[in-house]
Amino acid sequence: MDERPPGGPQVGLLDLIEAMRTLRSAAHPSQPDTGVVTDARGAALAILTPDGTFVSANRSASALLGYSSAELVGKRLDDLAPDDFRAELADELSASAAREFHSFSAVISGRTGHPTRLALHQQRLPTRQTESIVLLTLFEEPLIFEPRSADPPKLFDASERLCQRYLMMGQQKERQRLAAELHDGLGQALTLVKLMTEDALMRIRRGQVDDAANLLDATVFRVRETIGDVRQICGELRPLMLDKLGLPAALGSLCRRIEHGTETMSVVFDCDVVDKDVPEHLKADMFRVAQEALNNAVKHAEATEISLSLRRDAGGLLLTIQDNGIGYENHPLATEDAYTTGLGLIGMQHRVEMHGGAFSIESSAATGTRVCATWML
Ligand SMILES: Nc1ncnc2c1ncn2[C@@H]1O[C@H](COP(=O)(O)OP(=O)(O)OP(=O)(O)O)[C@@H](O)[C@H]1O
Ligand SMILES: [Mg+2]
């Protein structure tokens with residue numbers, strides 16, 4: 001920290017480092033707890049009193065807020081917030097004062113006067129004077145932005161915050177799955193190709209040309225398979241078929257792929273919509289919802305029949321995925337259970353609701369599971 005007013009709260013260096021470690025792992029629970037201090041370089045950090053007065057600020061925080069460290073000391077954070085957002089900021093700050101760790105978002109104008117929504121993570125910091133509390137505060141520019149609008153930005157309410165958290169968890173999970181796919185699929189396949197090529201080379205050197213030729217034939221086959229794997233991985237990043245074929249054909253192809261991948265299941269596709277009827281910004285979400293619901297039916301339902309339908313319905317688009325499987329009684333939509341089970345259901349719900357759609361699931365042992373998503377046009 002660059003500035004500390006004489007006579008202000010005395011913070012020990014070890015306490016500061018420990019608070020930075022705790023703050024970082026609480027703010028980013030999914031990242032491994034290594035390199036904490038170096039990671040803190042470039043992070044916008046400040047020490048605030050519980051009422052939001054700056055005790056000190058590092059250079060990144062000063063740069064972010066548009067004031068020098070010296071100018072920030074003694075200033076109150078709510079003086080940097082637009083009038084409409086001060087009361088909410090004060091509420092969040094008082095919530096921080098009562099807890100060890102608190103994360104929230106706040107709209108801050110800084111010197112430029114341009115309101116920006118920032119994420120704030122506050123961690124209580126021990127001081128030498130037992131009676132005074134200070135809070136180590138990390139300012140972050142948000143990862144997820146709302147669509148541009150003429151209205152001033154508003155604070156997230158609790159459910160929006162939960163939604164954002166699940167979305168980020170979903171993104172994180174997707175990255176982990178892709179990393180595993182690249183490592184276990186592509187990495188293993190390329191290692192095998194390398195070994196086979198080296199083996200063939202050795203045989204050529206020994207004069208075993210026919211053996212080497214057979215081995216190289218097999219290698220070419222593996223390389224072809226690997227090219228297929230790469231296509232599939234790329235397709236999972238942004239369904240390639242979507243751009244190439246349009247949504248209805250991409251959904252049809254998804255159904256065929258799923259049917260071919262299982263031995264006992266039939267997948268029926270029914271669609272009365274043409275690609276140009278589907279707004280561009282909804283296509284990828286519709287595809288992902290269909291993909292997740294179909295995968296769930298394959299993984300969990302023990303179904304023999306699945307139907308996917310995309311139809312025009314009373315001025316909107318209705319996507320339905322129905323299976324004749326075993327169903328499930330408690331579906332963990334919008335609950336903390338999503339931490340312990342999967343993120344698929346919650347991810348589908350948020351994808352649909354994020355663009356103003358309605359999402360529902362009906363499930364029972366007698367009727368199987370029906371996932372419905374509707375978007376009004
Ligand atoms: N079609 C279905 N039939 C039966 N059970 C289902 C079906 N869809 C979901 N479930 C149940 O709901 C749970 C939560 O589903 P969800 O998609 O959120 O997670 P997951 O599929 O287990 O994991 P993830 O989707 O994150 O890979 C599943 O574990 C399963 O028990
Ligand atoms: Mg799932």
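Sequence positions, counted from 1, serve as the residue numbers for this chain. Everything numeric here is computed off the predicted structure, so don't read it as measured data. Just so it is clear, the values below take in all heavy atoms, side chains as well, and ignore hydrogens, waters and symmetry mates. Both counts, for ligands and for their atoms, begin at 1 and track the order of listing.
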Q: Below 4.0 angstrom from a heavy atom of T369, which ligand 1 atoms are there? Numbered from 1 as shown, please.
A: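 Near T369, meaning under 4.0 Å from one of its heavy atoms, ligand 1 has 1 (N), 2 (C), 3 (N).
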Q | Ligand-side contact atoms (ligand 1) for residue partner E292, heavy atom cut-off under 4.0 Å | A |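 Reading through ligand 1 atom by atom, the close ones are 17 (O), 25 (O).
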Q: Compute whether any side-chain donor of one residue and acceptor of the other, for N295 and Q291, lie under 3.5 angstrom apart.
A: no
Electrostatic pair [X]:[Y] at N-O distance under 4.0 angstrom:
{"X": "K75", "Y": "E71", "answer": "no"}
{"X": "K283", "Y": "D275", "answer": "yes"}
{"X": "D51", "Y": "R76", "answer": "yes"}

Q: Please confirm if an N, O or S atom belonging to N295, backbone or side chain, lies less than 2.8 Å from the Mg ion (ligand 2).
A: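 Looking at N295, which is the residue asked about, there is no N, O or S atom under 2.8 Å from the Mg ion (ligand 2).
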**Q.** Min heavy-atom dist G325 to ligand 1 below 4.0 Å
**A.** no
Q.
Would I326 count as a polar contact of ligand 1, with the cut-off being nitrogen or oxygen pairs under 3.5 Å?
A. no
Q. Below 3.5 angstrom, do we get any N/O pair linking I346 and ligand 1?
A.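 It does not: no N or O of I346 is found under 3.5 Å from an N or O of ligand 1.
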Q: Nearest 0.5 Å please: distance from the CZ atom of R257 over to the CG atom of L294.
A: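 Reported value, rounded in 0.5 Å steps: 10.5 Å.
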**Q.** E292 atom (N/O/S) at minimal separation from the Mg ion (ligand 2)
**A.** OE2
